[in-house]
Visitor: 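If you scroll down you'll find the structure; I have some questions about it.
Letters go in sequence order (proteins before strands), and every chain restarts at 1.
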Amino acid sequence: MDELGKTEAALVAARRENLAALRSRGSDPFAARRFEVEATAAELLERYGFLVPGQDASAEGWSIAGRMLSKRTMGKTSFADLADRTGKLQLYIRKEEVGERAFDDWGDLDRGDLIGVRGYMFRSKLGEPTLHVTSFSVLGKALMPLPDKWHGLQDVEKRYRQRYVDLIVSPDVRDVMIMRSRLIAEMRRFIDSYGFYEVETPTLLHVAGGAAARPFVTECNALDQTMQLRIATELNLKRLIVAGLERFYEIGRIFRNEGIDTTHSPEFTMLELYAAYWDVSDMMEFNEALIAHLVSVATDGGTELPHGDATISFARPFARIEYLDAMARHSGGAYTRERLLDSGGAQHILRELGIPPSPSHSHALDKIFERVVEPHLTAPTFVTGYPVVVSPLAKRRENDPDIVDRYELFCASMEISNAFTELNDPDDQRARFAAQVAERAAGNEEIPEPDWDYVRALEYGMPPTAGIGIGVDRLIMLLTAQRSIRDVMLFPLQRQHG
RNA sequence: GCGCCUUUAGCUCAGUCGGUAGAGCAGCGGCCUUUUAAGCCGUUGGUCCCGGGUUCGAGUCCCGGAGGGCGCACCA
């Protein structure tokens with residue numbers, strides 16, 4: 001634990017004195033067990049919105065609990081702000097009504113203390129709906145001082161490291177986290193309405209596969225074996241397609257041992273969903289409906305999201321463009337199919353762009369796309385038809401075997417989802433894994449070791465299937481207009497210091 | 001990994017040309033029966049991120065380091 005500075009120690013000491021005073025009057029904050037909460041702040045504000053200044057509803061008593069965020073005492077009366085999970089409610093208390101002993105307790109309350117109060121609603125002279133307190137109990141004491149009541153917590157590092165403090169004093173942050181929870185619940189509800197099961201698959205794996213990323217490595221003591229944290233849920237989920245579950249999804253934590261920036265976190269939440277007998281076009285319809293629905297929820301029925309100084313429209317249908325057409329369009333026709341689908345041609349384009357050479361054809365294509373096309377994808381856009389070299393798990397097009405039936409949805413220059421018709425031909429899959437072995441041997445550490453049992457699963461027969469992965473955190477960023485992925489995570493990873 | 005910015009009281013921030021550290025809030029002591037960043041009077045509180053260096057003298061200048069933010073690189 002960090003040592004306290006002298007000033008801070010004095011503040012804590014003052015609060016401990018108030019704690020002792022409360023205990024001496026039999027009001028030990030830490031002795032409280034439970035409190036019967038009859039209403040929330042939001043409920044009382046809603047219910048008594050009709051009161052006019054000076055009017056009260058003293059016939060109806062309510063109890064409410066929360067944290068006292070400020071106190072304004074004027075001799076024998078006092079106002080305070082009480083915050084619960086739904087918002088803030090002003091409290092009003094008079095010494096002559098609650099008695100000296102209770103009012104002394106009130107005087108020993110510090111900003112941040114937890115209390116339960118009973119009283120009735122009225123509207124104050126200045127028009128604020130307020131609970132007139134007739135009795136209260138102290139339910140917990142804040143020994144540590146809260147940040148500045150006006151400016152709140154501005155220190156970004158402290159906000160992430162002590163998120164509990166940030167959440168106490170920053171309503172905006174709390175609102176984002178609550179909206180995140182609502183949106184994920186809404187995602188589940190929407191998906192469930194299509195008859196999907198929610199499943200959970202292991203995060204600890206012997207070989208992390210299904211994506212290209214460096215894994216976290218750990219030890220399993222009981223097995224005395226090295227394990228990896230999953231980098232995708234894809235392969236296990238498709239085993240469940242083989243198993244016959246047909247429609248299911250997983251919303252789970254994924255771990256990638258790579259860079260950290262405003263759109264990348266080492267652990268993040270991914271939605272992966274699979275539907276037997278769907279193809280990529282079915283998935284695109286579903287994806288578009290899901291996103292449009294979530295935009296509607298986030299904006300109270302709207303179709304536009306704020307993004308920086310602009311707004312982005314999510315009115316359906318979203319834009320659609322073929323991968324190769326997008327490359328051609330944004331290069332003035334210079335990046336042709338022939339050049340892109342040839343490994344040497346792609347490397348040559350990299351040189352033209354001044355990008356260092358890539359270890360593989362697939363890597364080169366991703367670099368080119370990222371540089372040339374992605375910055376233009378502000379409005380929601382489905383980019384369709386990816387080269388097979390960047391899609392080792394997707395099914396080739398019937399009439400164009402160099403291209404797979406896949407799309408990625410981009411928005412605000414971020415990749416939001418990635419979907420394809422799944423490759424279910426075990427021989428083709430085996431061949432593509434074998435090609436990856438070569439790439440891995442050539443030094444691309446992000447290429448996973450092949451999961452040969454997955455190929456064996458395909459040999460039992462997998463129906464035609466479409467699958468999708470959606471980066472939940474990035475989607476929440478979009479829906480809540482946050483510029484950093486850390487701002488949609490409760491406890492973002494920070495370096496340990498000391 | 002590279003660049004830019006940043007770190008001063010519990011919190012939010014000033015700190016000039018290098019001259020011995022300031023405000024507001026919070027806290028503490030008063031006054032105050034409808035306030036809301038309550039108000040008024042008084043007052044406590046400092047490892048200026050850490051370590052070196054230059055200097056008579058460093059929060060300030062120089063070097064090194066740490067944490068954080070942003071950008072680049074990296075990142076299916």
Visitor: Taking OP1 and OP2 of B:A26, is either one under 4.0 Å from a side-chain nitrogen or oxygen of A:Lys71?
Guide: no
Visitor: B:U34, B:G71, B:A37: which one has an atom nearest the side-chain heavy atoms of A:Thr262?
Guide: B:G71
Visitor: Using the C1' atom in both, what is the distance from B:A26 to B:U33, to the nearest Å?
Guide: 25 Å
Visitor: Tell which nucleotide pairs with B:U36, taking only Watson-Crick or G-U wobble pairs whose two distances are both under 3.5 angstrom.
Guide: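 Its partner is none (no Watson-Crick or G-U wobble pair with both distances under 3.5 Å).
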Visitor: Would you say A:Tyr249 and A:Leu271 make side-chain contact, with heavy atoms under 4.5 Å?
Guide: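 SC-SC contact between A:Tyr249 and A:Leu271 confirmed.
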Visitor: Looking at B:C28, I'd like to know if its phosphate oxygens (OP1 or OP2) sit under 4.0 Å from a side-chain N or O belonging to A:Asn18.
Guide: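 Indeed, a polar side-chain atom of A:Asn18 lies that close.
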Visitor: What is the distance, rounded to the nearest whole Å, between atom CE of A:Met270 and atom C1' of B:C75?
Guide: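 Atom CE in A:Met270 sits about 13 Å away from atom C1' in B:C75.
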Visitor: Can you measure A:Leu131 atom CG to B:U35 atom C1' for me and round it to whole angstrom units?
Guide: 15 Å
Visitor: Answer with base, sugar-phosphate or nothing: what part of the nucleic acid does A:Gly152 contact at a heavy-atom distance below 4.0 Å?
Guide: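 Sugar-phosphate: the residue A:Gly152, judged by heavy atoms under 4.0 Å, touches backbone atoms but no base.
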Visitor: Does the pair A:Arg25/A:Asp108 count as a salt bridge with the N-to-O cut at 4.0 Å?
Guide: yes
Visitor: For A:Phe491, does the six-membered ring have the charged nitrogen or CZ of A:Arg163 within the cation-pi criterion, i.e. under 6.0 angstrom from the centroid and within 45° of the normal?
Guide: no
Visitor: Taking only the P atom of each, what is the distance from B:A23 to B:U35 in whole angstrom?
Guide: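 It comes out at 30 Å once rounded to the nearest Å.
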Visitor: Less than 4.0 Å between a side-chain N and a carboxylate O, is that true for A:Arg406 and A:Glu408?
Guide: yes
Visitor: Select base, sugar-phosphate, or nothing to describe what A:Gln55 touches, counting heavy atoms under 4.0 Å on all strands.
Guide: nothing
Visitor: For the side chain of A:Ser484, starting at C-beta, report the closest nucleotide among B:A37, B:G10, B:C70.
Guide: B:C70
Visitor: Would you mind telling me which of B:C75, B:U36, B:C11 lies closest to the side-chain atoms of A:Lys367?
Guide: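 Closest of the options to the side chain of A:Lys367: B:C75.
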Visitor: Name the closest nucleotide to the A:Lys76 side chain, picking from B:C75, B:U12, B:U33.
Guide: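 Of the options given, the side chain of A:Lys76 lies nearest B:U33.
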Visitor: Using Watson-Crick or G-U wobble geometry with both distances below 3.5 Å, tell me the partner of B:A58, or none.
Guide: none
Visitor: Counting heavy atoms from C-beta on, name the nucleotide in B:A73, B:U35, B:U12 closest to the side chain of A:Arg371.
Guide: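 Of the candidates, B:A73 comes closest.
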Visitor: Hey, does the side-chain of A:Thr77 have a donor or acceptor N/O within less than 3.5 Å of a partner on the base of B:U34?
Guide: no
Visitor: C1' atom, B:U36 versus B:U47: distance in rounded Å?
Guide: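 About 38 Å, rounded to a whole number of Å.
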Visitor: Examine A:Phe369 together with A:Tyr323 and report whether their ring centres are nearer than 6.0 Å.
Guide: yes
Visitor: Measure distances between side-chain N and O atoms of A:Asp261 and base N and O atoms of B:G71, and say whether any donor-acceptor pair falls under 3.5 Å.
Guide: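 Side chain to base: no pair below 3.5 Å.
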Visitor: Quantified in whole Å, what is the P atom distance between nucleotide B:A21 and nucleotide B:U16?
Guide: 14 Å
Visitor: Do the side chain of A:Gln154 and the base of B:C13 come within less than 3.5 angstrom through a donor-acceptor pair of N or O atoms?
Guide: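 By the distance-only test, no, there is no pair.
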Visitor: Of the nucleotides B:G68, B:U12, B:A76, which has the atom closest to the A:Val156 side chain?
Guide: B:G68
Visitor: For B:U36, does OP1 or OP2 lie under 4.0 Å from any side-chain N or O of A:Lys88?
Guide: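 False: A:Lys88 side-chain N/O out of range (4.0 Å or more) of B:U36 OP1/OP2.
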Visitor: Sticking with atom P, work out how far B:G69 lies from B:G10, rounded to a whole angstrom.
Guide: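 Approximately 22 Å lies between the P atom of B:G69 and that of B:G10.
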Visitor: How would you list all residue pairs meeting salt bridge (charged side-chain N to carboxylate O under 4.0 Å, His left out) that involve residues 368-395 of chain A, not counting sequence neighbours?
Guide: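 Qualifying pairs: A:Lys367-A:Glu370.
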Visitor: Would you mind checking if A:Asp487 and A:Arg483 are paired as a salt bridge, meaning a charged N to carboxylate O distance below 4.0 Å?
Guide: no
Visitor: Measure from the side-chain heavy atoms of A:Trp150 and tell me the nearest of B:U36, B:C75, B:A37.
Guide: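 Between B:U36, B:C75, B:A37, the one nearest the side chain of A:Trp150 would be B:A37.
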Visitor: Could you work out the separation of B:C74 and B:A58 based on their P atoms and round it to a whole Å?
Guide: 45 Å
Visitor: Do A:Phe410 and A:Phe318 have ring centres separated by under 6.0 Å?
Guide: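 No, they do not, as the ring centres are separated by 6.0 Å or more.
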Visitor: Check this one for me: any side-chain N or O of A:Arg486 less than 4.0 Å away from OP1 or OP2 of B:C70?
Guide: yes
Visitor: Report yes or no: is there a donor-acceptor pair, N or O only, under 3.5 Å between the side chain of A:Gln90 and the base of B:U35?
Guide: yes
Visitor: Can a side chain N or O of A:Arg161 be found less than 4.0 Å away from OP1 or OP2 on B:G68?
Guide: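 So the side-chain polar atoms of A:Arg161 do come within 4.0 Å of the phosphate oxygens OP1 or OP2 of B:G68, strictly under.
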Visitor: Please give the nucleotide sitting opposite B:C17 as a Watson-Crick or G-U wobble pair, both distances under 3.5 Å, or none.
Guide: none
Visitor: Using a cut-off of 4.0 Å on non-hydrogen atoms, how would the nucleic acid contact of A:Phe122 be classed: base, sugar-phosphate, or nothing?
Guide: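 Contact class for A:Phe122: base.
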Visitor: Look at A:Gln494 and B:G69 and indicate whether a side-chain polar atom (N or O) is within less than 4.0 Å of OP1 or OP2.
Guide: yes
Visitor: Is the ring centre of A:Trp106 less than 6.0 Å from the ring centre of A:Phe136?
Guide: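 Yes, the ring centres sit under 6.0 Å apart.
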Visitor: Please compare A:Glu408 and A:Ala80 by the position of their nearest nucleotide in RNA chain B and report the one closer to 5'.
Guide: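 On the 5' side of the pair lies A:Ala80.
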Visitor: Assess the pair A:Tyr92 and A:Phe122: is the distance between their ring centroids shorter than 6.0 Å?
Guide: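 Judged by ring-centre distance (under 6.0 Å), A:Tyr92 and A:Phe122 do meet the cut-off.
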Visitor: Give me the one residue out of A:Lys71, A:Arg111, A:Arg72 that meets salt bridge (Lys or Arg N to Asp or Glu O under 4.0 Å) with A:Asp81.
Guide: A:Arg72
Visitor: Whether A:Lys158 contacts B:C11 is assessed here as follows: a side-chain N or O lying under 4.0 Å from the phosphate OP1 or OP2. Is that the case?
Guide: yes
Visitor: Can you identify which nucleotide, out of B:A76, B:G69, B:C74, has its nearest atom closest to the A:Arg214 side chain?
Guide: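 Closest nucleotide among those given: B:C74.
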Visitor: Between B:C28 atom P and A:Arg15 atom CZ, what is the distance in whole Å?
Guide: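 Rounded to the whole Å, the gap is 8 Å.
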Visitor: Which value, in whole Å, describes the distance between the C1' atoms of nucleotides B:C75 and B:A66?
Guide: 26 Å
Visitor: Looking at A:His151, I'd like to know whether one of its side-chain N or O atoms comes within less than 4.0 Å of OP1 or OP2 on B:A26.
Guide: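 So the side chain of A:His151 is outside the cut-off, no N or O lying under 4.0 Å from OP1 or OP2 of B:A26.
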Visitor: Using the P atom as the point on both nucleotides, what is the distance between B:U20 and B:C25, in whole Å?
Guide: 26 Å
Visitor: How would you label the contact of A:Pro392 with the nucleic acid (heavy atoms, under 4.0 Å): base, sugar-phosphate, or nothing?
Guide: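 It contacts base atoms.
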Visitor: Looking only at the side chain of A:Glu415 (C-beta and beyond, no hydrogens), which of the listed nucleotides B:A76, B:G27, B:C32 gets closest?
Guide: B:A76
Visitor: Between A:Arg495 and B:G68, does any side-chain N or O lie under 4.0 Å from OP1 or OP2?
Guide: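 For B:G68, OP1/OP2 do have a side-chain N/O of A:Arg495 under 4.0 Å.
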Visitor: Residues in salt bridge (Lys or Arg N to Asp or Glu O under 4.0 Å) with A:Arg230, at least two apart?
Guide: A:Glu250
Visitor: In whole angstrom, what separates A:Leu146's CG from B:C11's C1'?
Guide: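 Rounded to whole Å, this separation is 9 Å.
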Visitor: Using Watson-Crick or G-U wobble geometry with both distances under 3.5 Å, which nucleotide pairs with B:U43?
Guide: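 Across all strands, the one nucleotide that pairs with B:U43 is B:G27.
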Visitor: Return the pairing partner of B:C49 with a 3.5 Å limit on both distances, Watson-Crick or G-U wobble; otherwise return none.
Guide: B:G65
Visitor: For A:Ala212, answer base if it contacts any base atom (sugar-phosphate contacts may also be present), sugar-phosphate if it contacts only those atoms, and nothing otherwise; contact means non-hydrogen atoms under 4.0 Å.
Guide: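 Touches a base.
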Visitor: Among B:C28, B:A76, B:U12, which nucleotide sits nearest the side chain of A:Asp366?
Guide: B:A76
Visitor: Applying the Watson-Crick and G-U wobble criteria at under 3.5 Å, what pairs with B:C72? Answer none if nothing qualifies.
Guide: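 Pairing partner, where one exists within any strand: B:G1.
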Visitor: Which part of the nucleic acid, if any, lies within reach of A:Leu153 when heavy atoms closer than 4.0 Å are counted: base, sugar-phosphate only, or nothing?
Guide: sugar-phosphate
Visitor: Within residues 92-106 of chain A, find the residues that approach RNA chain B with a heavy atom at under 4.0 Å, and present them sorted by residue number.
Guide: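 Correct list: A:Tyr92, A:Arg94, A:Glu96.
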